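Encoded as structure tokens, the structure appears first; notes follow it.
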Amino acid sequence: MNPTKLLGFIFLIFIFSSLGDAGGGSWELLLQNAGIASMHTALTHFGTLVLLDRTDIGASLLNLPDGTCRNDPLDLMLKHDCSAHSVLYDPSTNTVRPLTILTDTWCSSGQFMPDGTLLQTGGDYDGATKIRTFTPCDPSGTCDWVESSTQFLQEARWYATNQLLPEGQQIIIGGRRAFNYEFLPFSSLGLVNFTLLAATNDPEEDNLYPFVHLLPDGTLFIFANRDSIVLDYNTNTVLKTLPTIPGEPRNYPSAGSSVLLPLLSANQFLTAEILVCGGAQYGAYLNPSQQLLCSSTCGRIMVTDAAPIWSMETMPINRCMGDMIILPSQDILIINGAQQGSQGWGDASNPAFTPVLYSPYATVGFRFTTLTPGTIPRMYHSTANLLPDGRIFLAGSNPHQFYSFNVEFPTELRLEAFSPPYLNDTQSVMKPTIVAAPQQVNYGAPLTILITTPVVLTGLIEVNLVSSPFVTHSFAQGQRLLSLDSSGPVQTAENTYEITATAPLTPMIAPPSYYMLFAVNQGIPSIAAWVQLLAPI
Ligand SMILES: *[C@@H]1O[C@H](CO)[C@@H](O)[C@H](O)[C@H]1NC(C)=O
Ligand SMILES: *[C@@H]1O[C@H](CO)[C@@H](O)[C@H](O)[C@H]1NC(C)=O
């Protein structure tokens with residue numbers, strides 16, 4: 001490159017980096033006081049959100065229903081506590097209903113089962129081996145947590161990761177000093193030793209909340225600290241050992257985040273790419289007073305290649321504790337977190353207010369767009385979940401061990417929503433509306449939907465299925481997007497079109513569960529319809 005070109009290039013970079021929040025997006029405060037500071041959040045197929053805190057944090061600002069109280073002589077703050085530590089939020093009425101959770105869910109894990117029941121496991125103290133279920137109901141119903149007193153995890157799991165498997169079971173991997181995995185419902189495999197977790201343990205214990213992604217061939221990608229493998233979980237065989245990612249440790253307490261990039265029918269669902277972004281410098285957790293800068297890098301790897309390598313990219317903003325959310329448009333939103341420090345009580349500062357959009361199919365160097373910054377710090381113990389209307393639901397942030405309100409970063413009870421740029425009114429003319437869609441579909445079956453649009457369609461409509469993950473500690477457990485093969489649109493009436501897609505061929509591509517089905521017109525998504533992928537008989 002000659003000097004003139006080089007100068008021009010530098011100028012271009014300057015223009016792009018000075019655009020600031022040019023990418024748009026908008027914020028709204030939903031509720032001033034949710035009662036609890038959610039550290040685990042999941043969206044049910046009734047459109048309600050389950051929010052979970054921990055039970056030994058002191059009194060929340062909402063009481064348990066029916067005068068229920070907990071008496072726990074081991075509790076850290078309140079041995080007699082009548083307040084709720086889980087709530088159900090209903091976006092349609094903007095209200096919360098207290099739920100009854102009695103054992104400690106602190107740093108627990110979870111995921112939805114094929115029938116839409118939320119399975120939630122582990123935690124600390126009396127919750128360490130607990131198995132809990134929440135079977136969602138109509139928003140007017142009274143569904144609540146059930147905590148099993150007969151079945152327990154085989155290992156105490158604090159900071160584990162769950163993943164729904166093609167067979168409809170969940171695998172529960174790791175946790176503090178738990179270098180093994182197990183299955184629910186129980187499998188004859190029992191408790192299986194897992195060497196990756198022992199090998200990636202360091203004095204900070206940077207191997208917690210491992211990043212787990214189900215690959216489309218039914219194997220698991222598992223990442224801890226800076227190392228990752230592809231595992232056959234049935235035989236506990238390591239099928240591939242991936243190179244160490246450059247840069248910082250990426251898992252708890254040095255949390256970055258990770259997503260499985262959209263799985264595409266255009267590639268016959270044969271390829272799988274992982275993106276890992278952010279993290280904390282090694283030592284940030286051990287020496288919090290230094291407030292070291294968080295990582296500025298993302299690593300991207302095509303796991304299905306014969307010899308995969310990490311391609312590194314630089315984010316516009318240093319970030320740890322960011323949440324990575326797959327949008328229905330197939331872009332990745334990086335939101336929440338801090339620019340200095342690490343996870344842990346009081347261990348971070350300099351909130352990362354500005355969300356960043358990552359466009360996976362854009363040219364390297366042009367993939368990141370900074371969006372409109374928020375105003376509420378969402379650091380340790382905050383969450384982000386995609387809603388069926390395309391907004392991002394944001395909850396929690398409690399950088400303190402107990403509820404604390406008169407401090408620099410108070411315990412956060414406010415609920416917010418962020419609207420990505422695709423919800424901008426100026427584009428509503430492009431927005432499809434789903435007027436008919438099946439509620440259930442079998443693997444490989446035709447999936448026919450009817451949409452309306454304000455304008456005549458000129459191109460293909462994407463049909464994308466997005467799972468509803470269990471979000472905690474900057475990682476969305478079980479998150480995936482399937483971009484289906486679709487034909488049409490065939491006009492059937494004025495402004496009305498029929499589109500026929502093909503449901504995923506196998507439960508390895510998409511395990512049986514409820515998914516949000518979005519019709520996407522040139523990057524602008526419809527409101528989702530829920531569709532259940534039925535387990536093969
Ligand atoms: C919506 O789009 C218009 C036109 O591009 C832009 O001027 C405006 O700032 C956008 N608003 C938001 C909230 O992104
Ligand atoms: C699993 O690990 C434990 C603890 O390191 C060890 O005692 C046990 O023998 C191992 N089991 C197997 C089957 O390797």
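What you see is a predicted model, and the numbers here were worked out from it, not measured in a lab. Each ligand, and each atom within it, is numbered from 1 in the order the structure gives.
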For [Y] together with [X], are the ring centres under 6.0 Å from each other?
{"X": "His400", "Y": "Phe405", "answer": "no"}
{"X": "His40", "Y": "Trp106", "answer": "no"}
{"X": "Phe112", "Y": "Tyr514", "answer": "no"}

Review point. Polar-atom distance check: Asn424 versus ligand 1, any N or O pair below 3.5 Å?
Key: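 By distance alone, the answer is yes.
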Review point. Does an N or O from Gly24, backbone or side chain, lie closer than 3.5 Å to an N or O of ligand 1?
Key: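 Between Gly24 and ligand 1 (N or O atoms, distance only) the closest approach is not under 3.5 Å.
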Practice item. Measure the spacing between OG1 of Thr297 and CH2 of Trp310 and express it to the nearest 0.5 Å. Key: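 If I round to the nearest 0.5 Å, the distance is 10.0 Å.
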Review point. Does the protein put any heavy atom within less than 4.0 Å of atom 5 (O) of ligand 1?
Key: no
Point to revise | Heavy atom of protein closer than 4.0 angstrom to atom 9 (O) of ligand 1 | key: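 No, no protein heavy atom sits under 4.0 Å from atom 9 (O) of ligand 1.
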Practice item. May I ask whether Gly25 places a heavy atom under 4.0 Å from ligand 1? Key: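 Under 4.0 Å: yes for Gly25.
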Practice item. Please indicate whether Glu494 has more than 12 foreign heavy atoms, meaning atoms of other residues, nucleotides or ligands, lying under 6.0 Å from its CD. Key: no
